[in-house]
Enquirer: 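A single structure is presented below for examination.
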Amino acid sequence: MSNNNYDAIVIGSGISGGWAAKELTEKGLKTLLLERGRNVEHVKDYKNATKAPWEFPHRGERTQEMIKDYPVLKRDYPLSEKNLDFWVNEKESPYVEVKRFDWYRGYQVGGRSLLWGRQSYRWSNMDFEANAKDGIAIDWPVRYDEIAPWYSHVEKFAGISGSKENIPYLPDSEFLPPMDLNCVEKDVAARIKKEYGDQRHLIIGRVAHVTGPLAGRSNCQYRNKCSLGCPFGGYFSTQSSTLPAAQATGNLTLRPHSIVTQILYDKDTQKATGVEILDAETNKTYVYNAKVIFLCASTLNSAWVLMNSATDVWEGGLGSSSGELGHNLMDHHFRVGASGIAEGYDDKYYYGRRPNGFYIPRFRNINEKRDYIRGFGYQGGANREGWQRDIAELGIGVELKEALGQPGNWTIGMTAFGETLPYHENKVMLDKTVKDKWGLNVLAIDAEIKDNENKMRVDMMADAKEMLEKAGIKNVNTYDSGYALGQGIHEMGTARMGKDPKTSVLNKHNQVWDAKNVYVTDGSFMASANCVNPSLSYMAFTARAVDHAVNELKKQNI
């Protein structure tokens with residue numbers, strides 16, 4: 001096999017791309033994994049992972065120069081000197097905001113699998129049936145029973161820590177031992193159960209961290225420095241998990257600094273023949289050929305690749321024949337909730353820096369009807385205030401030092417994450433007037449939340465306050481810090497799957513209707529958003545799609 005010919009090509013090396021590479025290589029396919037950014041080697045390239053806070057020149061905070069150079073990243077928490085190299089250079093890779101959209105990107109091997117929040121939840125049948133039930137967008141072409149075995153498949157390898165709860169609308173996973181709720185969280189959980197019965201649950205978060213035996217990786221060390229890269233492999237990332245597995249087969253070729261500019265399409269065979277790439281370092285163009293292509297460049301970049309492909313056949317690009325390519329952009333809206341003080345626990349503390357919190361699953365619009373559809377869940381935690389707290393009556397001196405040497409009040413808070421509906425008018429498109437560093441057209445993004453989400457946010461705040469107060473929490477304060485699409489860093493849609501090529505970009509197996517040997521398995525394929533973190537579903541659908549692709553190759557159907 002020559003250096004330009006492969007059985008499979010995977011575009012993008014994040015959570016979905018890593019899984020595609022692992023599954024394809026383990027099934028015997030010679031696979032080329034293309035990443036537009038630099039290589040990041042496990043352990044070796046986590047340069048700040050073991051630093052103490054005082055070893056950072058600016059104590060890990062942002063500088064004025066960083067604020068100037070990163071006008072998007074500065075809008076929320078991601079901007080700091082601790083892991084700046086894991087976020088995209090915004091000057092080199094701009095985009096156009098028709099309406100405000102906070103696009104937080106990670107262009108390197110591993111993508112945002114090095115940066116994600118690691119919360120991992122299955123969907124239920126209620127979620128897959130929601131579009132059809134509500135008459136919104138299009139029906140999902142799959143149901144839970146079809147995906148459940150693939151959830152199990154990826155969970156056993158990824159390592160999901162959690163507790164079995166038997167909640168019908170939040171199916172249990174294949175769990176490693178759960179992390180512990182702390183004393184305040186346990187008491188609040190018990191009081192919520194007493195107040196609401198089986199209608200509301202406060203449980204430990206379900207998180208992709210190793211808490212028990214798992215081959216090739218060490219247990220989570222409770223350092224809570226996950227976004228710096230984990231040298232222990234304690235959490236799931238491409239580097240710690242799928243990439244080593246793919247490399248172990250001897251079937252993988254990894255090529256970083258490779259910007260895929262288009263998928264090459266043969267209109268006579270109605271199949272893709274390979275990809276064209278631009279070397280990000282040399283600006284030279286190369287072509288690689290393959291029998292099957294997995295597009296996993298992340299929701300917006302995958303739409304960009306499709307829009308730039310087969311334009312001689314479809315003006316809007318490969319997969320645009322339905323008129324849905326680039327449309328139905330979704331995210332999770334959040335930054336709204338409540339917090340307060342838990343009294344009576346001054347003699348108690350907790351151990352370690354748990355990289356997880358509690359989770360309250362969706363309870364709205366399940367057994368009752370609100371003035372909006374769908375719902376939200378909460379993520380939160382309880383902890384004791386540390387030395388950085390403000391002690392108003394002590395401004396200076398020995399008394400201040402002594403006071404700050406003791407832990408402060410116990411506080412508890414929760415933030416809601418709500419579902420955004422798949423509106424056709426929320427879209428991305430190519431902007432022909434703005435170019436990136438490499439002279440390529442960039443994306444323009446035109447999307448916003450609407451009335452349904454704004455009505456939901458009222459309950460997201462009020463319900464948090466009610467639950468905390470009923471659980472005995474004092475001085476409860478609510479907040480709505482405002483939200484713009486993209487801030488959830490859960491972009492979805494733009495190449496949705498469906499039952500009909502007239503209304504969807506992909507079929508139920510994640511195949512592009514117009515090119516059956518092209519599979520799209522990142523967030524692009526989502527037909528709705530649910531309110532839970534989506535990455536576990538990307539993993540499951542990717543593994544399922546690879547299984548389908550390999551079987552179709554054996555049958556010579558693609």
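We number each residue from 1, following the sequence as shown.
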Enquirer: Hey, does the Lys NZ or Arg CZ of Arg206 hover above the aromatic six-ring of Tyr121, less than 6.0 Å from the centre and inside 45° of the axis?
Expert: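 The answer is no, since Arg206 fails at least one limit relative to Tyr121.
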Enquirer: For Asp85 and Gln108, does a side-chain donor sit closer than 3.5 Å to a side-chain acceptor?
Expert: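 No - no donor-acceptor pair under 3.5 Å links their side chains.
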Enquirer: Does a donor on one side chain and an acceptor on the other come within less than 3.5 Å for Asp514 and Ser321?
Expert: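 On atom types as modelled, these side chains qualify, holding a pair under 3.5 Å.
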Enquirer: Between Lys450 and Glu448, does any side-chain N to carboxylate O distance fall below 4.0 Å?
Expert: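 Salt bridge between Lys450 and Glu448, a charged N being under 4.0 Å from a carboxylate O: yes.
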Enquirer: Do the side chains of Lys465 and Asp463 get nearer than 4.5 Å, heavy atoms only?
Expert: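 Asp463 does not reach Lys465 side chain to side chain.
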Enquirer: State, with a plain yes or no, whether a side-chain heavy atom of Asn39 is found less than 4.5 Å away from one of His257.
Expert: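 The answer is no; the side chains never approach within 4.5 Å.
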Enquirer: Using the ring centroid of each side chain, check whether Trp87 and Tyr70 are separated by less than 6.0 Å.
Expert: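 No; Tyr70 has its ring centre 6.0 Å or more from that of Trp87.
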Enquirer: Would you tell me whether Asn477 and Tyr479 have side-chain atoms, one donor and one acceptor, within less than 3.5 Å of each other?
Expert: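 No donor-acceptor contact under 3.5 Å links the two side chains.
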Enquirer: Identify, with sequence neighbours excluded, every residue that meets side-chain contact (heavy atoms from CB on, under 4.5 Å) alongside Glu35.
Expert: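 Counting only residues at least two positions away or on another chain, Glu35 forms a side-chain contact (heavy atoms from CB on, under 4.5 Å) with Ser13, Val109.
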Enquirer: Scan side-chain atoms only and decide if Thr299 and Asp522 contain a donor-acceptor pair under the 3.5 Å cut-off.
Expert: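 The criterion, which ignores hydrogens and geometry beyond distance, is not satisfied for Asp522 and Thr299.
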Enquirer: Is Arg38 salt-bridged to Glu281, going by a charged N under 4.0 Å from an acidic O?
Expert: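 No, this pair does not count.
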Enquirer: Walk me through whether Trp140 and Trp123 qualify under ring pair (Phe, Tyr, Trp, His ring centres under 6.0 Å).
Expert: CA-CA 12 Å; Trp140 277 87; Trp123 284 36; 5.3 Å; yes
Enquirer: About how many Å separate CG of Asn48 and CG of Asn83, when rounded to the nearest 0.5 Å?
Expert: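 Asn83 atom CG to Asn48 atom CG measures 8.0 Å (nearest 0.5 Å).
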Enquirer: Do Trp513 and Ser322 have a side chain donor and acceptor closer than 3.5 Å?
Expert: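 Absent: no donor and acceptor within the cut-off.
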Enquirer: Please enumerate all residues that pass side-chain contact (heavy atoms from CB on, under 4.5 Å) together with Val458, with sequence neighbours excluded.
Expert: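 For Val458 there are no side-chain contact (heavy atoms from CB on, under 4.5 Å) partners, ignoring immediate neighbours.
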Enquirer: Indicate the ring-plane relationship of Phe376 and Tyr372, choosing parallel, tilted or perpendicular according to the 30° and 60° boundaries.
Expert: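 If you compare the ring of Phe376 with that of Tyr372, the planes turn out tilted.
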Enquirer: Taking the side chain as C-beta and beyond, is there a heavy-atom pair between Leu536 and Ser173 under 4.5 Å?
Expert: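 With C-beta onward as the side chain, the pair touches.
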Enquirer: Can you tell if the side chain of Asn426 reaches within under 4.5 Å of the side chain of Asp446, non-hydrogen atoms only?
Expert: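 Asn426 does not reach Asp446 side chain to side chain.
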Enquirer: Identify, with sequence neighbours excluded, every residue that meets salt bridge (charged side-chain N to carboxylate O under 4.0 Å, His left out) alongside Arg62.
Expert: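 Scan of Arg62 (salt bridge (charged side-chain N to carboxylate O under 4.0 Å, His left out), adjacent residues dropped) gives none.
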Enquirer: If you measure only the distance, is there a donor-acceptor pair under 3.5 Å linking the side chains of Thr542 and Tyr519?
Expert: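 No, no side-chain donor-acceptor contact under 3.5 Å.
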Enquirer: Assess, by modelled atom type and distance only, whether the side chains of Thr420 and Glu453 contain a donor and an acceptor separated by less than 3.5 Å.
Expert: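 Judged by distance alone, the side chains do not pair up.
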Enquirer: Check whether the side chains of Asn533 and Gln379 place a donor and an acceptor atom closer than 3.5 Å, and report yes or no.
Expert: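 Indeed, the side chains of Asn533 and Gln379 share at least one donor-acceptor pair under 3.5 Å.
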Enquirer: Taking 4.0 angstrom as the limit, do Arg100 and Asp102 come out as a salt bridge?
Expert: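 The answer is yes: the pair qualifies as a salt bridge.
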Enquirer: Under the rule for ring pair (Phe, Tyr, Trp, His ring centres under 6.0 Å), what residues qualify as partners of Phe101, not counting sequence neighbours?
Expert: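 Once residues adjacent in sequence are excluded, Phe101 has no partner under the ring pair (Phe, Tyr, Trp, His ring centres under 6.0 Å) criterion.
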Enquirer: Without hydrogens or angle criteria, can the side chains of Asp139 and Asn131 be said to hold a donor-acceptor pair below 3.5 Å?
Expert: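 Per modelled atom types, Asp139 and Asn131 side chains form no pair under 3.5 Å.
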Enquirer: Could you note down all residue pairs passing ring-ring contact (aromatic ring centres under 6.0 Å, His included) where residues 520-539 supplies at least one of them, sequence neighbours left out?
Expert: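 Non-adjacent pairs meeting ring-ring contact (aromatic ring centres under 6.0 Å, His included): Phe525-Phe541.
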Enquirer: Tell me, with the steps shown, if His424 and Glu324 meet side-chain hydrogen bond (donor to acceptor under 3.5 Å, both in side chains).
Expert: CA-CA 8 Å; His424 177 80; Glu324 295 299 331; 3.0 Å; yes
Enquirer: For Glu92 and Tyr107, does a side-chain donor sit closer than 3.5 Å to a side-chain acceptor?
Expert: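 There is no such pair between these side chains.
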Enquirer: Hey, are the side chains of Leu84 and Met66 touching, using non-hydrogen atoms and a 4.5 Å cut-off?
Expert: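 The answer is yes; the side chains approach within 4.5 Å.
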Enquirer: Between Asp459 and Arg364, is there a salt bridge with N-O shorter than 4.0 Å?
Expert: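 Judged by the 4.0 Å cut-off on N to carboxylate O distance, Arg364 and Asp459 do form a salt bridge.
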Enquirer: Can you check whether Phe334 and Phe417 have ring centres sitting under 6.0 Å from each other?
Expert: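 Yes - the distance between ring centres of Phe334 and Phe417 falls below the 6.0 Å cut-off.
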Enquirer: Looking at Glu65 and Lys74, does any basic side-chain N land under 4.0 Å from a carboxylate oxygen?
Expert: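 Salt bridge between Glu65 and Lys74, a charged N being under 4.0 Å from a carboxylate O: no.
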Enquirer: Hey, can you tell me if Trp103 and Tyr95 have their rings parallel, tilted or perpendicular (30° and 60° cut-offs)?
Expert: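 Correct class here is perpendicular.
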Enquirer: If you measure from the Lys or Arg side-chain nitrogens to the Asp or Glu carboxylate oxygens, is any gap between Glu491 and Arg112 under 4.0 Å?
Expert: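 Yes.
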Enquirer: As an exercise, state the distance from NZ of Lys99 to CD1 of Ile449, rounded to the nearest 0.5 Å.
Expert: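 Between Lys99 NZ and Ile449 CD1, I get 12.5 Å after rounding to 0.5 Å.
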Enquirer: Are the side chains of Ser93 and Arg36 in touch, meaning some heavy atoms are under 4.5 Å apart?
Expert: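 Ser93 reaches Arg36 side chain to side chain.
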Enquirer: Test side-chain hydrogen bond (donor to acceptor under 3.5 Å, both in side chains) on Ser535 and Trp116; report intermediate values, then the result.
Expert: CA-CA 9 Å; Ser535 296; Trp116 68 308; over 6 Å; no
Enquirer: Can you check whether Lys82 reaches Ser227 side chain to side chain, under 4.5 Å on heavy atoms?
Expert: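 Contact flag for Lys82/Ser227 side chains = no.
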Enquirer: Kindly write out the residues that satisfy side-chain contact (heavy atoms from CB on, under 4.5 Å) with Ser339, not counting sequence neighbours, or none if the list is empty.
Expert: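 So Ser339 forms no side-chain contact (heavy atoms from CB on, under 4.5 Å) with any residue.
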Enquirer: Below 4.5 Å, heavy atoms only, C-beta onward: do Val336 and Thr415 meet side chain to side chain?
Expert: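 Counting from C-beta outward, Val336 and Thr415 never come under 4.5 Å.
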Enquirer: Should Arg200 and Glu466 count as an ion pair when the cut-off is N to O under 4.0 Å?
Expert: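 Looking at Glu466 together with Arg200, the answer is yes, because their closest N to O distance falls below 4.0 Å.
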